[in-house]
Amino acid sequence: QVQLEESGGGLVQAGGSLRLSCAASGRTFSSYAMAWFRQAPGKERELVATINRIGGNTYYANSAKGRFTISRDNAKNTVYLQMNSLKPEDTAIYFCAAGRSTILVHTSTQVDYWGLGTQVTVSS
């Protein structure tokens with residue numbers, strides 16, 4: 001069992017930055033590929049970025065490329081999402097996700113555990 005808790009969301013102006021953190025419980029954090037998804041009102045949940053177990057391989061959605069950076073610290077059981085140059089269309093609830101049986105988490109079907117989410121609001 002893995003519990004995930006996100007933090008770092010909030011209200012920011014367009015062009016600003018936020019750093020999201022996701023702290024995981026348990027001693028098996030390094031056994032999981034990790035990802036950030038987001039869900040805007042009225043839209044489906046979508047992948048933002050994902051990282052493999054040791055942090056050497058990452059993948060980003062087109063909307064995140066060049067602006068967001070995913071990283072992890074296995075010693076701290078934490079995954080991060082650094083978000084720069086934020087846009088109003090980045091407004092959403094951001095969810096941390098863990099997948100055990102996959103190198104990278106690309107879809108919701110590969111997720112074994114979800115966090116409860118953190119709200120990110122970008123004002124224009």
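For the numbers below, each heavy atom of this structure counts, side chains included, while hydrogens, waters and symmetry mates do not. Throughout, numbering of the chain's residues begins at 1 and tracks the sequence.
- Looking at every heavy atom in both residues, Thr78 comes nearest to Ser21 through CG2-CB, 4.3 Å.
- Under the 4.5 Å side-chain contact rule for hydrophobic residues, Val2 and Leu116 do not share a cluster.
- Among residues at least two apart or in separate chains, disulfide bond (SG atoms under 2.5 Å apart) pairs with a member in residues 22-124 are Cys22-Cys96.
- Side-chain contact between Thr91 and Gln119 is present, with heavy atoms from C-beta onward closer than 4.5 Å.
- Side chain of Glu6 to backbone of Phe95: no donor-acceptor contact under 3.5 angstrom is found.
- Atom CD of Gln39 has more than 12 neighbouring heavy atoms from other residues, nucleotides or ligands inside a 6.0 Å radius.
- Summarising the geometry of Pro88 relative to Ala14, their closest heavy-atom pair is CD-CB, 4.1 Å, with the distance given to 0.1 Å.
- Sorted by first then second residue, the side chain to side chain donor-acceptor pair (under 3.5 Å) pairs that include residues 93-107, not counting sequence neighbours, are Arg38-Tyr94, Thr102-Gln110, Thr107-Thr109.
- When side chains are defined from C-beta on, Gln82 counts as touching Ser17, because their heavy atoms get closer than 4.5 Å.
- If you take CD on Glu46 and OG on Ser63, they are separated by 5.5 Å, rounding to the nearest 0.5 Å.
- Here the shortest heavy-atom pairing between Ala35 and Leu47 reads CB-CD1, 3.9 Å.
- Of the inter-residue distances, the one linking Asp112 atom CG with Ser31 atom OG reads 11.0 Å to the nearest 0.5 angstrom.
- To the nearest 0.5 Å, atoms CG (Asp90) and CE (Met83) are separated by 7.0 Å.
- Within the 4.5 Å cutoff, the side chain of Ser85 has heavy atoms near those of the Arg67 side chain.
- For the pair Tyr113 and Gln1, the minimum side-chain heavy-atom distance is below 4.5 Å.
- Listed by chain and number, the residues in a salt bridge (Lys or Arg N to Asp or Glu O under 4.0 Å) with Arg72 amount to none (sequence neighbours excluded).
- For Phe37, the ring-ring contact (aromatic ring centres under 6.0 Å, His included) test picks out Trp114, with sequence neighbours left out.
- Taking Arg19 as the reference, nothing meets the salt bridge (Lys or Arg N to Asp or Glu O under 4.0 Å) condition, with sequence neighbours excluded.
- Follow the hydrophobic side-chain contacts under 4.5 Å out from Ile93 and you reach Val111 in the same cluster.
- Contact annotation: the side chain of Leu20 approaches that of Trp36 to within less than 4.5 Å [non-hydrogen atoms, C-beta and beyond].
- Distance check: Tyr32 OH to Leu4 CG gives 9.0 Å after rounding to the nearest 0.5 Å.
- For the atom pair CE of Met34 and CG of Asn74, the computed distance is 9.5 Å after rounding to the nearest 0.5 Å.
- Distance alone, capped at 3.5 Å, places no donor-acceptor pair between the Thr121 side chain and the Leu11 backbone.
- Looking only at side-chain heavy atoms (C-beta outward), Val79 and Ile51 come within less than 4.5 Å of each other.
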Which atom pairs, donor and acceptor, lie under 3.5 Å between side-chain atoms of residues 54-62 and protein residues at least two apart or in another chain?
| from | atom 1 | to | atom 2 | distance (Å) |
| --- | --- | --- | --- | --- |
| Tyr60 | OH | Ile70 | N | 2.9 |
| Asn62 | OD1 | Lys65 | NZ | 3.2 |

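- Between Leu81 and Val48 the shortest side-chain heavy-atom distance falls below 4.5 Å.
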Practice task
Begin from the C-alpha positions of Asp73 and Phe29 and carry the test side chain to side chain contact (heavy atoms under 4.5 Å, CB included) through to its verdict.
Solution key: CA-CA 10 Å; Asp73 185 339; Phe29 177 72; over 6 Å; no
Problem - Ser123/Gln13 under side chain to side chain contact (heavy atoms under 4.5 Å, CB included): CA gap, chis, key distance, verdict - result: CA-CA 5 Å; Ser123 62; Gln13 289 188 330; 3.7 Å; yes
